[in-house]
Colleague: 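Encoded as structure tokens, here's the structure I'll be asking about.
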Amino acid sequence: MLKFTDERLGNLLGLLKRRGILAPAFEIHGGAKGLYEYGPIGGRLLRNLSNQWVEHFTSLGDIVEISSPTVTPYAVLEASGHVGEFTDSTVTCIECHAISRADHLLAEELNPDNLTSSQLSTIFLDNPPECPECGSTKWSEVTTTNLMFNTNLGIASSAKPAFLRPETAQGMFTSFSSIYRHFREKLPFGAMQVGKGYRNEISPRQGMIRLREFNMAEIEYFIDPNIPKYERDFESNHKIMMVPEDGEEREYTIAEALEKGIVKHAVVGFFLAETVSFLIDIGIDLSLLRLRQHQTNEMAHYAQDCWDVELFGSYGWIECVGVAHRGCFDLEAHEKATNQRLRAWRDFSEPKEVSKKGWTIDGSRAGPAFRQHSPAVKTYVESLPEETEFPQVYHIGKEELLIAEEHVKRIDIKNTINGEWFLPHVVEPAFGLDRIMWHIIDHAYFQQEKEGSAYHSLRLSNLVTPMNCAVFPLFDKDGMGEMAKTIHKSLNKLSNFSSFYDASGSIGRRYARADEIGIPFCITIDHQSLDDESVTIRYRDSGEQERLSIGKLEAFLR
RNA sequence: GCGAAAGUAGUGUAGUGGUUAUCACCGGGCGUUGCCAACGCCUGAACCCGGGUUCGAGUCCCGGCUUUCGCACCA
């Protein structure tokens, strides 16, 4: 069992920065809070993580990947509710002018997330907490601040307000119609997107846990609300720690949780199961994972069942994935704002016949005849039963209008209604890739004592490891260097495979360098290799070695 | 940024100020055929947005937005 201490965290952060994995961004200019950069090793890790994510969820068969812009017009995020709702409550310290998040300064049992800013203001007057910067207890009014980055599309007078997107989801909702058509107009189906999101967090903290620019991966999975139970097969017999809304923390399999009604919706359960198996595949420790159900009062108002996948690491339990049943909120919101239909069609089991017989006006005759009374005449005529005979007298105010046969015509409309349009519901699994990345690394990091000094290794999953193997010549002489380079080059050419070449320093030092960045195998070319075309394979996690002929290398590494 | 033109189903389009807005391809269902845009029946889908004129606006006027094309700018 891993022990997450401050000392370990410090060592790990040092390693990440030293080895080009992860570091605060723009440090030579003094850095910028909430922005991190991935280096040469970290960049590959992130790429592998996002590829694995796409691969895992597209292989379910009914989810497609799209890509929409990060710069998003005002109207889109106004419709989605972000302009009005995507806010934090802030207070300013009157002594030192530091701005803090109001809810973070208050004790948790007050449940500050659910209070209005005036309720919060009252608390800050009656029971002021200390300013974390200067210790003062004088506070300004609590105000709400929108967390989206403002920008403009266009310049000067042609500028139109826009935001950097706070989530990728809206792009999937706004292109619903084209995805619906792609799926031959049949539910269920999903769309996914991997990309950057931006939130102007008031106080980015905890390393890279709360970022202002971050990588997210989201799925919007659309379902018919009339189908009460989607039968979905999933392989997940794992016992998973769950913290239900108002129950005890306990281990269940997803199937058990569904049976007991703890997980309320089958599709939510399905994605929780898929999410957990994905996380295990990429190296998350199941014993450091739990599923936490949102309290009813904590859920966004549109959500019907909402679970967080929380991972435990150096910063405690951190929400890394959310799986939310969002009902039809988003599609409905965009539909209202745009008057576009964002619906799916469902046939009735029996077509319905609707007929209307009666009268209406002949506009080309009645219009000129009745002029401004024409709309009233039309309403009147259409209210008459079909057996009415003309002429008819119609009183409007003091006037008396004679409606002749030439002013009207019969209508005889028969319609068959075969089905109806409905708003699909959506289940949204949303992954914070940077947070998952952090926990992959945090769970993979092992430090040991080796001959008195600290020895670090990242036991990364082979699915995400930034370098698949390392090739070392035992000595860079007698042709070993050339042989190693040849092997390195041919392995590096394999697709989705990268080999790391290192010829400097002692062999032990090179193994250590490889372990630090999570390379699973080191291939060493020694004197014997020159004679019999065999090499040494050395395993990262056990340190054990075996010999293998060069011809079998490729098959072995795959 | 300047100038011009155009915005009607998913696509391409028709539409004298007055029907339930035309047609084709397209999409969905069923049938037939059985292997690379076949056929038949049923069915789904649109007047860019906002004002104005009018009894009545897809149609006329004004404004906005978007697109296309020139010119300018930028890469």
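Reminder, nothing fancy here: chain letters follow the sequence lines and each chain counts from 1. Only a predicted model underlies this, so the values are computations on that prediction, with no experimental measurement involved. Values reported hereafter were calculated over all heavy atoms of this structure, with side chains retained and with hydrogens, waters and symmetry mates removed.
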Colleague: Is any NZ, NE, NH1 or NH2 atom of the basic residue among A:E406 and A:R365 found under 4.0 Å from an Asp or Glu carboxylate oxygen of the other?
Modeller: yes
Colleague: Does the structure show a Watson-Crick or G-U wobble partner for B:A6, both distances under 3.5 Å? Name it, or say none.
Modeller: B:U66
Colleague: Tabulate below the donor-acceptor pairs under 3.5 Å that side-chain atoms of residues 165-178 of chain A make, not counting sequence neighbours, or state none.
Modeller:
| unit_1 | atom_1 | unit_2 | atom_2 | d |
| --- | --- | --- | --- | --- |
| A:R165 | NE | A:K196 | O | 2.6 |
| A:R165 | NH1 | A:S68 | O | 3.1 |
| A:R165 | NH1 | A:Q193 | OE1 | 3.1 |
| A:R165 | NH2 | A:K196 | O | 3.1 |
| A:E167 | OE2 | A:Q170 | NE2 | 2.7 |
| A:T168 | OG1 | A:E218 | OE1 | 2.5 |
| A:Q170 | OE1 | A:H334 | NE2 | 2.7 |
| A:T174 | OG1 | A:Q170 | O | 3.0 |
| A:T174 | OG1 | A:G171 | O | 3.3 |
| A:S175 | OG | A:G171 | O | 2.7 |

Colleague: Identify the pairs formed between an N or O of the protein and an N or O of nucleotides 60-68 of chain B at a distance under 3.5 Å, and give each distance.
Modeller:
none

Colleague: Let me know the distance between OH of A:Y180 and C1' of B:C26, rounded to the nearest Å.
Modeller: 14 Å
Colleague: Would you mind reading off the distance between A:L342 atom CG and B:G10 atom P, rounded to a whole angstrom?
Modeller: 11 Å
Colleague: Salt bridge or not for A:K17 and A:E37, using N-O below 4.0 Å?
Modeller: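 Salt bridge flag = no for A:E37 with A:K17.
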Colleague: Check for a donor-acceptor pair, side chain of A:H29 on one end and backbone N or O of A:F26 on the other, with a separation under 3.5 Å.
Modeller: no
Colleague: Using the C1' atom in both, what is the distance from B:U8 to B:C23, to the nearest Å?
Modeller: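 It works out to 13 Å between them.
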Colleague: Measuring only the P atom in each nucleotide, how far is B:A72 from B:G64? A whole number of Å is fine.
Modeller: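 Their P atoms lie roughly 25 Å apart.
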Colleague: Round to the nearest Å and state the distance from A:I411 atom CD1 to B:G18 atom P.
Modeller: 20 Å
Colleague: Considering only the C1' atoms, how many Å lie between B:C25 and B:A45, rounded to the nearest integer?
Modeller: 13 Å
Colleague: Using the side-chain hydrogen bond (donor to acceptor under 3.5 Å, both in side chains) rule, take A:D308 and A:H294 through it: C-alpha gap first, then chi angles, then the decisive distance, then the call.
Modeller: CA-CA 7 Å; A:D308 285 341; A:H294 281 211; 2.8 Å; yes
Colleague: Between protein and nucleotides 42-54 of chain B, map the contacts as a letter string: B base, S sugar-phosphate only, - none, heavy atoms under 4.0 Å, written 5' to 3'.
Modeller: -SSSS--------
Colleague: Distance check, C1' atoms only: B:C47 and B:A21, in whole angstrom units.
Modeller: 8 Å
Colleague: With a 4.0 Å cut-off, would you call A:E245 and A:K264 a salt bridge?
Modeller: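 Answer for the salt bridge query: yes.
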Colleague: Measure CD/A:E382 against P/B:U19 and give the value in whole Å, please.
Modeller: 13 Å
Colleague: Counting only N and O atoms by type, is there a donor-acceptor contact under 3.5 Å from the side chain of A:N200 to the main-chain atoms of A:F149?
Modeller: no
Colleague: Would you mind pulling out the nucleotide paired to B:G1, Watson-Crick or G-U wobble, both distances under 3.5 Å?
Modeller: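 Result: B:C71.
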Colleague: Given that both distances must come in under 3.5 Å, which nucleotide forms a Watson-Crick or G-U wobble pair with B:C26?
Modeller: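 With both distances under 3.5 Å, B:C26 matches B:G44.
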Colleague: Between B:U19 atom C1' and A:K378 atom NZ, what is the distance in whole Å?
Modeller: 10 Å
Colleague: Answer with yes or no whether the side chains of A:Y221 and A:D62 bring together a donor and an acceptor at under 3.5 Å.
Modeller: yes
Colleague: Using the C1' atom on both, measure B:A46 against B:U13 and round to a whole Å.
Modeller: 12 Å
Colleague: Using atom C1' in both nucleotides, what's the gap between B:C35 and B:C48 to the nearest angstrom?
Modeller: 43 Å
Colleague: Pick the P atom in B:U54 and in B:G15, then give their distance to the nearest Å.
Modeller: 28 Å
Colleague: Within 45° of the six-membered ring axis of A:F189 and under 6.0 Å from that ring's centre, is NZ or CZ of A:K186 located there?
Modeller: no
Colleague: A:H373 or A:I361: which one's nearest nucleotide on RNA chain B is closer to the 5' end?
Modeller: A:I361
Colleague: Could you let me know what B:U53 is paired to, Watson-Crick or G-U wobble, both distances under 3.5 Å, or none if it's on its own?
Modeller: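 The base-pairing partner of B:U53, which may sit in any strand shown, does not exist here.
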Colleague: What is the base-pairing partner of B:G34, counting Watson-Crick and G-U wobble geometry with both distances under 3.5 Å?
Modeller: none
Colleague: Do A:R343's NZ or CZ and the ring of A:F422 fall within the cation-pi criteria of under 6.0 Å and 45°?
Modeller: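 So A:R343 doesn't make the cation-pi contact.
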Colleague: If only side-chain N and O atoms of A:K186 are considered, is one of them under 4.0 Å from the OP1 or OP2 phosphate oxygen of B:G29?
Modeller: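 True: A:K186 side-chain N/O within range (under 4.0 Å) of B:G29 OP1/OP2.
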Colleague: Rounding to an integer number of angstrom, what distance separates B:C2 and B:G27 when you compare their C1' atoms?
Modeller: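 These two C1' atoms come out 43 Å apart once rounded.
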Colleague: Pair A:D347, A:W345 - check side-chain hydrogen bond (donor to acceptor under 3.5 Å, both in side chains), show working.
Modeller: CA-CA 7 Å; A:D347 277 328; A:W345 177 266; 2.8 Å; yes
Colleague: Over how many whole Å does the gap from A:Y394 atom OH to B:C55 atom C1' extend?
Modeller: 13 Å
